[in-house]
Every structure is written in C-alpha cells, then in structure tokens.
Amino acid sequence: MKNDVVENYQRDEEMMILIFAQWCINHDLNPVEIYERAYPQQKANDALKNAMENTVPKEESNYIPTETLLAVLSMFGNEELAFICSEMKKN
C-alpha cells in the first residue's frame with residue numbers, strides 16, 4: 001500500500017511538471033528559465049527535462065488555463081513557481 005501511495009504521488013508530480021512545461025510552451029516561455037527564476041539555488045531538474053520531451057507544439061496542445069496551472073503548482077507546494085508564472089502571464 002505504501003508503495004502505491006508513493007507511485008501515485010510520483011505519477012501526479014510528473015503530470016504537474018508536464019502541465020507546467022506545456023503551459024510555458026503554450027505561452028512562448030522557456031520552462032527551464034522560468035523554473036530557474038523560481039528556484040535559482042537548485043541544480044538542473046531532470047524531471048522537467050523529461051517532461052519537456054513529452055510536450056507538443058502549442059498549436060497541437062489543448063488550452064491550459066493559468067488558474068489551473070497555479071492550482072496544480074500550489075497543490076505540490078510550488079508557490080514560488082506559481083508566483084513567477086502568474087507574473088509572467090501579466091506581462
């Protein structure tokens with residue numbers, strides 16, 4: 001049971017990262033640059049690199065509302081990243 005919970009969390013976290021990466025692509029933003037602005041002290045994020053391999057061109061993507069992205073990021077404790085994304089959307 002414990003392994004199932006961990007696996008589910010990891011799968012959900014991967015989905016959150018993919019949503020973030022695709023939202024960035026849809027807004028002509030670089031996901032790595034946005035992530036580094038939010039977390040300058042962290043090294044390269046392998047999960048983000050993996051997610052970027054699964055993004056599609058914005059013309060092929062479904063619309064991802066900014067509010068949805070911010071809610072998903074907040075659910076995983078990524079308030080800094082949510083703040084940067086909301087600021088980028090305003091510009």
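The structure presented is a predicted model; accordingly, all values stated were derived computationally and were not measured. Note that the numbering runs from 1 along the sequence shown for the chain.
Here Ser86 contributes atom OG and Leu81 contributes atom CG; the two are 10.0 Å apart, rounded to the nearest 0.5 Å. To the nearest 0.5 Å, the span separating NZ on Lys58 from CD on Glu60 amounts to 13.0 Å.
Residues Glu36 and Val32 meet the side-chain proximity criterion, which asks for heavy atoms closer than 4.5 Å. The side-chain heavy atoms of Phe20 and Ile34, taken from C-beta on, include a pair separated by under 4.5 Å. No side-chain heavy atom of Ile84 sits under 4.5 Å from any side-chain heavy atom of Glu87. Side-chain contact between Tyr35 and Arg37 is absent, with no heavy atoms from C-beta onward closer than 4.5 Å. Looking at heavy atoms from C-beta onward, Tyr63 lies out of side-chain contact with Asn26 at the 4.5 angstrom threshold.
Judged by distance alone, the side chain of Asn30 and the main-chain N or O of Glu33 form a donor-acceptor pair under 3.5 Å. At least one donor-acceptor pair under 3.5 Å links the side chain of Gln22 to the backbone N or O of Val56.
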In a table with atom names and distances, give each donor-acceptor pair under 3.5 Å that connects a side chain of residues 64-76 to protein atoms at least two apart or in another chain.
residue, atom, partner, partner atom, Å
Thr66, OG1, Trp23, NE1, 3.3
Ser74, OG, Leu70, O, 3.0

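Within a 6.0 Å radius of CG in Asn62, other residues, nucleotides and ligands contribute 12 heavy atoms or fewer.
Transitive grouping of hydrophobic side chains (ILVMFWY, heavy atoms separated by less than 4.5 Å) keeps Ile25 and Met15 in distinct clusters.
Taking all atoms of both residues into account, the shortest heavy-atom contact from Met88 to Leu29 is CE-CD2, 3.6 Å. Minimum heavy-atom separation, Glu79 to Tyr39: N-OH, 4.3 Å. Closest of all the heavy-atom pairs between Leu48 and Ile17 is CA-CG2, 3.7 Å. Closest heavy-atom contact between Ala21 and Pro31: O-CG, 3.8 Å.
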